[in-house]
Amino acid sequence: MATALIILGAGMGTRMNSDLPKVLHQIAGAPMLVHAMKSGAALEPARTVIVAGHGADLVEKAARAFDPDVTMALQSEQLGTAHAVAQAKDALVDFEGDALVLYGDTPFIRPETLAAMTAARLTHDIVVLGFEAADPGRYGRLILKDDQLDRIVEFKDSSDEERSLSLCNSGVIAAESSTLFSLIDAVDNDNTAGEYYLTDIIGIARARGLTATVVRCDETETLGINSRAELASAEALFQAKARQASQEDGVNLTAPETVFFAHDTVIGRDTVVEPNVVFGPNVTIESGTIIRAFSHLEGCHVSKGAVVGPYARLRPGAELAENVKVGNFVEIKNAQVAAGAKVNHLSYIGDATIGARSNIGAGTITCNYDGVFKHHTTIGEDAFIGSNTMLVAPVTVGNAAMTGSGSVVTRNVPAGDLAVARAKQENKTGFAVRLFEKLRARKQKGS
Ligand code: UD1
Ligand code: CA
């Protein structure tokens, strides 16, 4: 059966104390909303509707960056979770299939859990995702009766007896789409909060003779983020899982607790990641590489056998081919470095192509920016760039060409040539001795 996702993200998130809408706060380099969308994507949804309110334009931008085909629904006043889902009705009038409600501030639901909900839908009209809470706090409580989920009671409206129950509502609900909206039409706001509660649809459905059940998951999956402290705990939880998963994938983390992954980091087996390495979004690393201590990588690809760092920075568009070496205090941005090339010390390589086996000397800089435009530097194969060469782009250095140390290269260097672009050296015989004598004498006179 086709599935439509409805992801709620209109709330302001008062407790975040932020100008940014709550669902755009990031975990592992991606907004919480994107984590929720990624979970839901496992069901291969035919449609995804995002309900936004506070900062709707920013929420839309983030959602479309992950999936350009999402439908946005605006909830201009936040009157409760049922009211939020109701805003998705127009987008789904012609939709036949199941609707699954997810919260944009609940980032860790596993695909397997959603699959279990889909399976439970085969036997029940409504499926709610619940969990046994160690500290049930202010969560809504799931009330069971005769093997059915009978109703959900919100904390604010619950009795002491109900509060003593530990089976809680995660907020994730699945039902046939038109059934869901018909139930939501019947929800009122006659409760302590004066809100339209999505949770009320269970009682209404049972009164209509529909069936309802609970699929249970681990509490860590349904973690909802409401404050900065909870965001930091969620980040820690993500990192702990990512480190473990990476080790299981055969990656050697020498000090796992000091390595930070992004939501989409991919690292091949037998790669060594030394302490204090940070991966930003969109990094893929092939097997058998070494990422040395204190390196920072984002938006880059590192091929087999490459060695990066210590203290290297790979920025978006850095493409390292097999057996490339990038050493300490080297920054590489939007540049392809071909197999076996070396950039070992103190260099900036931006908007460049470096041919196979070329050696880039210490302190080399591709001067790619003229203050307005960015320009490209092309270096051929087997070239040797002398230390402290300034390559003023656009410029090309041919195959097997050389540049003299300290050169400022502004014109193309043909293949096989040596370019020397610096002042010629002159030695003045005995000059240093005479100068020192003069200076020391001046010091003695106290002037
Ligand atoms: C909700 C559930 C509660 C459950 C808990 C799990 C209801 C009435 N209560 O409570 O049973 O245990 O989640 O975390 O559903 N939102 C909107 N528009 C609104 C209101 C909320 O889009 O008008 C969105 C929020 O942005 C958020 C989500 O819905 O992503 C949950 O809202 P929140 O106010 O945090 O619900 P809780 O009070 O935590
Ligand atoms: Ca919440």
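A quick note: this is a predicted structure, and the numbers were derived from the prediction, not measured. Counting convention: from 1, in listed order, for ligands and their atoms alike.
- The side chain to side chain donor-acceptor pair (under 3.5 Å) test with H301 singles out one residue from Q336, E319, E286, and that residue is E286.
- The closest approach between a heavy atom of H83 and any atom of ligand 1 is not below 4.0 Å.
- The closest protein non-hydrogen atom to atom 17 (C) of ligand 1 is Q75 OE1, 3.5 Å.
- For atom 12 (O) of ligand 1, a protein heavy-atom neighbour is found at a distance under 4.0 Å.
- Between G171 and ligand 1, a contact under 3.5 Å exists for no N or O pair.
- Note: no N/O pair closer than 3.5 Å links Y139 and ligand 1 by distance alone.
- If you look at A84 next to ligand 1, the close heavy atoms, those under 4.0 Å, all belong to the side chain.
- In this structure, atom 30 (O) of ligand 1 has a protein heavy-atom contact shorter than 4.0 Å.
- No side-chain heavy atom of V308 sits less than 4.5 Å from a side-chain heavy atom of T289.
- Remark: atom 39 (O) of ligand 1 lies closer than 4.0 Å to no protein heavy atom.
- Between T81 and Y103, the shortest heavy-atom distance links the atoms CG2-OH, 3.7 Å.
- The shortest N or O to N or O distance between T81 and ligand 1 is below 3.5 Å.
- At least one heavy atom of G11 sits less than 4.0 Å from an atom of ligand 1.
- Ring centroid separation for the pair Y139 and F131 comes in under the 6.0 Å cut-off.
- Checking side-chain atoms of H35 against main-chain N and O of I27 turns up a donor-acceptor pair under 3.5 Å.
- Nearest to atom 19 (C) of ligand 1 by heavy-atom distance, out of G80, A73, P21, is G80.
- When heavy-atom distances to ligand 1 are checked against a 4.0 Å cut-off, S170 comes that close only through its backbone atoms N, CA, C and O.
- Summarising the geometry of R138 relative to K156, their closest heavy-atom pair is NH2-CE, 3.8 Å, with the distance given to 0.1 Å.
- Here the side chain of T213 pairs no donor or acceptor atom with the backbone of V127 at under 3.5 angstrom.
- Any N or O atom pair closer than 3.5 Å counts here, and L8 shares at least one such pair with ligand 1.
- Annotation: atom 35 (O) of ligand 1 to nearest protein heavy atom, D105 OD2, 4.0 Å.
- Of all atoms in ligand 1, numbered sequentially from 1 with element shown, those under 4.0 Å from a heavy atom of T199 are 7 (C), 8 (C), 11 (O), 15 (O).
- Under a cutoff of 6.0 Å and an axis angle of 45°, R292 and Y311 do not form a cation-pi pair.
- Of all protein heavy atoms, the one closest to atom 5 (C) of ligand 1 is N169 O, 3.9 Å.
- At least one N or O atom of Y103, backbone or side chain, sits closer than 3.5 Å to an N or O atom of ligand 1.
- Residues I225 and K22 come closest through the heavy atom pair O-NZ, 3.0 Å.
- For the pair V49 and A91, the tightest heavy-atom approach, listed with the atom from each and the gap, is CG2-CB, 4.0 Å.
- A 4.5 Å side-chain heavy-atom check between I126 and L149 finds every atom pair outside the cut-off.
- Atoms of ligand 1 found under 4.0 Å from any heavy atom of G140, numbered from 1 in the order shown, are 3 (C), 4 (C), 11 (O), 12 (O).
- For the pair A36 and G104, the tightest heavy-atom approach, listed with the atom from each and the gap, is CB-CA, 4.3 Å.
- Protein heavy atom nearest atom 22 (O) of ligand 1, with residue, atom name and distance: A10 N, 3.0 Å.
- When only non-hydrogen protein atoms are considered, atom 10 (O) of ligand 1 lies nearest to E154 OE1, 4.1 Å.
- Between A338 and A356, the shortest heavy-atom contact is CB-N, 3.3 Å.
- Every N/O-N/O distance between Y197 and ligand 1 stays at or above 3.5 Å.
- Figure legend: cation-pi geometry between R313 and F294 absent, as NZ or CZ is not positioned both under 6.0 Å from the six-membered ring centre and within 45° of its axis.
- Not one N or O of K22 is nearer than 3.5 Å to an N or O of ligand 1, by distance alone.
- Heavy atoms of V51 come nearer than 4.0 angstrom to ligand 1 in no pair at all.
- Near G9, meaning under 4.0 Å from any of its heavy atoms, are these atoms of ligand 1: 22 (O), 26 (O).
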